[in-house]
There are 2 protein chains.
Amino acid sequence: MPPDRLPPLNSLRAFNAAARHMSFQDAAEELFVTPAALSYQIRQLEDHLGVKLFNRLNRAVELTEMGLLIAPGIREGFARLSKTMQQLERRKSSNVLVISAGPAITAKWLAPRLYRFVSKHPNIDARVSSSVKKVDLEEDDVDVAIRFGAGKYAHCRTEKLFDEYVTPMCSPALVNGDRPLRTPDDLKNHTLISDDTHVGFFDLADWNAWFEQAGVKDGNQGHGKLQFNVADHALDAAISGAGVVLGRTALAQGDLDAGRLVMPFDLKIKADFSFFLVYLESRAEDPNIRAFRDWLMDEIGGYATRETPGPAV
Amino acid sequence: MPPDRLPPLNSLRAFNAAARHMSFQDAAEELFVTPAALSYQIRQLEDHLGVKLFNRLNRAVELTEMGLLIAPGIREGFARLSKTMQQLERRKSSNVLVISAGPAITAKWLAPRLYRFVSKHPNIDARVSSSVKKVDLEEDDVDVAIRFGAGKYAHCRTEKLFDEYVTPMCSPALVNGDRPLRTPDDLKNHTLISDDTHVGFFDLADWNAWFEQAGVKDGNQGHGKLQFNVADHALDAAISGAGVVLGRTALAQGDLDAGRLVMPFDLKIKADFSFFLVYLESRAEDPNIRAFRDWLMDEIGGYATRETPGPAV
DNA sequence: TGGTCACTTAAAGAAAACTTAACTGAAGTG
DNA sequence: CACTTCAGTTAAGTTTTCTTTAAGTGACCA
């Protein structure tokens with residue numbers, strides 16, 4: 001980057017305020033100076049650039065072509081600086097790390113092991129913001145996000161956590177019970193549990209898709225059905241023996257490891273999407289974010305797959 | 001936006017230079033001041049924020065946690081301001097509008113009618129940058145782009161120009177010649193022309209796909225084949241009577257209107273992608289960009305479909 | 001016609017930023 | 001082990017820049 005040769009910064013700030021208010025008076029007020037000072041600043045900028053930025057009308061001002069041209073860029077530049085200073089203020093007082101994740105992954109995966117992160121980093125005040133809504137890392141006060149998706153987010157560094165597979169799962173008691181589960185056909189004797197959390201957000205194989213791949217006709221016409229709109233509730237229902245759930249391996253990990261759930265069949269359908277850790281490229285060196293990322297990678301024992309797409313056409 | 005209460009801007013600039021160079025000396029040089037001045041500025045910023053930003057080592061400096069936290073944001077903020085001033089410089093001297101478009105759409109659509117834009121806006125120096133490579137509107141010196149895609153680009157305003165369909169096309173002489181083209185089956189008697197320009201960039205129906213939809217078996221085993229790696233060359237070959245091309249309606253528009261090409265069959269396969277005009281959201285009010293956009297919309301006689309996706313997770 | 005409103009201008013005063021020059025303390029050098 | 005060098009610091013004084021005060025302009029409004 002060459003020596004930038006920027007105009008006097010105070011005059012740029014004055015221009016920014018004036019362009020936003022479309023009034024020198026209001027701008028002067030915002031900056032706690034007299035209108036005279038502001039007028040002088042704008043003129044200084046115009047002289048420096050050799051270009052008129054405002055047309056002075058009788059009792060108003062309007063941006064010239066050139067003013068119109070640079071106003072958005074100047075505004076964004078200062079907004080970026082401003083946001084950055086806010087970040088620092090936030091960090092100065094407390095030491096919060098806001099983690100955004102969907103409800104299911106939070107309940108089944110993140111929350112049960114987050115205590116390890118907190119005890120490893122007692123100075124970091126970790127907060128989980130659990131929501132289905134997409135979160136804007138640049139706007140909302142969120143530091144890192146765990147997202148199920150394709151792993152492409154503008155300006156973000158993303159690291160794959162794990163892939164997702166869909167397969168039937170149930171309580172171990174069910175497998176060898178009075179209606180045993182030996183072949184996919186046996187599923188017709190059981191209540192089929194599912195969830196529609198993802199509908200409208202992303203595609204995920206459903207019972208029909210699984211039965212098709214398993215070569216079972218009319219599998220879905222079986223014993224009964226039970227549907228949830230929160231993924232972890234569906235799993236919990238299966239744990240309690242209510243039936244067989246078409247579960248997601250990543251979410252059910254803990255229950256599978258603990259023996260509360262088993263996968264009676266080999267057939268797993270891989271999802272198009274995976275779980276990713278996402279955070280702003282520009283904040284990759286933030287100590288708190290690094291700490292969380294390192295802990296997370298350690299926790300899953302995998303290594304990172306980095307992808308850093310930028311905005312391109 | 002509230003009154004920002006930013007720290008002294010000069011001290012921010014000093015911090016930016018120092019953080020980039022990791023050296024007060026070099027930073028001072030960049031800003032054409034003495035090291036003493038720079039030292040003073042950094043201290044001023046630290047005092048203002050109440051936070052140490054650099055650790056002073058014996059003969060070097062290093063960023064503290066807090067310094068590390070804000071450095072990227074500060075840098076980006078100034079980079080934005082800098083880019084904006086560069087834009088103004090560019091516009092001051094000349095009045096260039098750089099249009100980026102793929103080779104085929106340039107040759108067949110844009111170039112033949114761009115003279116109308118230039119004669120309508122004689123003060124604008126329009127330049128076409130024709131390339132297959134993706135262009136970064138924020139980095140490269142490109143003002144607007146015409147792209148074939150899904151119409152989702154970060155930070156960009158996109159307006160749909162037209163959809164794209166794929167269907168056989170040939171010289172009108174061929175249709176009623178000694179090997180007439182009455183039904184899709186007749187294609188077996190003709191040389192099949194195609195292009196693979198798009199391969200690796202996006203999916204587009206090929207001859208196999210078209211034959212399948214037309215219900216023709218083994219259509220592709222016909223008379224002969226001719227393949228190009230530039231889309232407009234394939235069209236030109238068809239115009240000259242070399243055979244039947246699986247043409248793209250948007251690209252062939254001009255040749256179809258002029259009667260140089262005809263579409264012997266009704267079956268058109270719609271492409272997943274469309275042509276879009278793309279430009280940075282922040283430059284939507286740029287007079288040159290507005291002028292081009294308005295002319296373009298006028299030219300196609302359609303109205304705009306605006307989509308402005310931001311970076312979200 | 002006279003008052004008001006938004007911005008401008010000029011001169012003087014206040015505040016900031018910069019330089020000079022002397023200082024510190026560690027690393028490299030002979 | 002002294003001597004030099006090098007990066008950064010500090011303090012005092014100066015220069016530059018910015019800001020205010022106060023008077024001025026010109027269009028709009030009553």
Margin query: Please determine whether a side-chain nitrogen of the Lys or Arg among B/Arg116 and B/Asp298 lies less than 4.0 Å from a carboxylate oxygen of the Asp or Glu.
Written below: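 No salt bridge links B/Arg116 with B/Asp298.
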
Checklist line | NZ/NE/NH1/NH2 to OD/OE distance under 4.0 Å, B/Glu46 and B/Arg56 | finding: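 Here B/Glu46 pairs with B/Arg56 in a salt bridge, since their nearest N and O are under 4.0 Å apart.
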
Could you give the [atom1]-to-[atom2] distance, from [X] to [N], as a whole number of Å?
| X | N | atom1 | atom2 | answer |
| --- | --- | --- | --- | --- |
| B/Arg13 | C/dA16 | CZ | P | 17 Å |
| A/Asn55 | C/dC7 | CG | C1' | 14 Å |
| A/Leu57 | C/dC5 | CG | P | 18 Å |
| A/Gln25 | C/dT8 | CD | P | 11 Å |

Checklist line | Heavy-atom donor-acceptor pair, A/Arg113 side chain to A/Trp109 backbone, under 3.5 Å | finding: yes

Notebook entry, point to check: Is there a donor-acceptor pair under 3.5 Å between the side chain of A/Ser282 and the backbone N or O of B/Pro72?
Noted result: no

Check nucleotides 23-26 of chain C for protein N or O atoms closer than 3.5 Å to its own N or O atoms and list the pairs.
unit_1	atom_1	unit_2	atom_2	d
C/dA26	O3'	B/Asn58	ND2	2.6

Going by the rule side chain to side chain donor-acceptor pair (under 3.5 Å), which residues pair with [X] if we only count those two or more places apart in sequence or in a different chain?
| X | value |
| --- | --- |
| A/Arg43 | none |
| A/Asp125 | A/Arg127 |
| B/Ser274 | B/Asp163 |
| B/Arg91 | B/Asn95, B/Asp286 |

Note to self: From the set C/dA17, C/dT20, C/dC7, return the single nucleotide nearest to any side-chain atom of B/Pro8.
What the structure shows: C/dA17

Listing, residues 60-69 of chain A side-chain donor-acceptor contacts under 3.5 Å, not counting sequence neighbours, or none:
unit_1	atom_1	unit_2	atom_2	d
A/Glu62	OE2	A/Asn55	ND2	3.3
A/Thr64	OG1	A/Lys52	O	2.8
A/Thr64	OG1	A/Leu53	O	3.2
A/Thr64	OG1	A/Met66	N	3.4
A/Thr64	OG1	A/Gly67	N	3.1

Next item on the list: Mind grabbing the angle between the end helix axes of the helix from C/dT1-D/dA30 to C/dG30-D/dC1? Five pairs an end, 10° rounding.
Entry: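 What I find for the helix from C/dT1-D/dA30 to C/dG30-D/dC1 is an axis angle of 20°.
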
Margin query: Students should find this one: the first and last nucleotides of DNA chain D, 5' to 3', lying under 4.0 Å from a heavy atom of chain A. What are they?
Written below: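 Reading along DNA chain D, I get D/dC18 to D/dC28.
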
Check: Does A/Phe54 have any ring-ring contact (aromatic ring centres under 6.0 Å, His included) partners at least two apart in sequence or in another chain, and if so, which?
Finding: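 Partners of A/Phe54 by the ring-ring contact (aromatic ring centres under 6.0 Å, His included) criterion, ordered by chain and then number, come out as A/Phe15, A/Phe24.
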
Item checked: salt bridge (charged side-chain N to carboxylate O under 4.0 Å, His left out) against B/Glu89, all qualifying residues, sequence neighbours excluded ->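 Scan of B/Glu89 (salt bridge (charged side-chain N to carboxylate O under 4.0 Å, His left out), adjacent residues dropped) gives B/Lys92.
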
Check: Going by heavy atoms closer than 4.0 Å, what residues in residues 37-49 of chain B are next to DNA chain D?
Finding: B/Ser39, B/Arg43

Run the side-chain donor-acceptor check on residues 33-42 of chain A: report pairs under 3.5 Å with partners two or more places apart or on a different chain.
unit_1	atom_1	unit_2	atom_2	d
A/Thr34	OG1	A/Ala37	N	3.4
A/Gln41	OE1	A/Gln44	NE2	3.3

Notebook entry, point to check: What class does the angle between the rings of A/His155 and B/His155 fall in, given that below 30° is parallel, 30 to 60° is tilted and above 60° is perpendicular?
Noted result: tilted

Next item on the list: Could you pick out which residue, A/Asn10 or A/Pro35, lies toward the 5' side of DNA chain C when each is mapped onto its nearest nucleotide?
Entry: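 Going by which nucleotide is closer to the 5' end, it is A/Pro35.
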
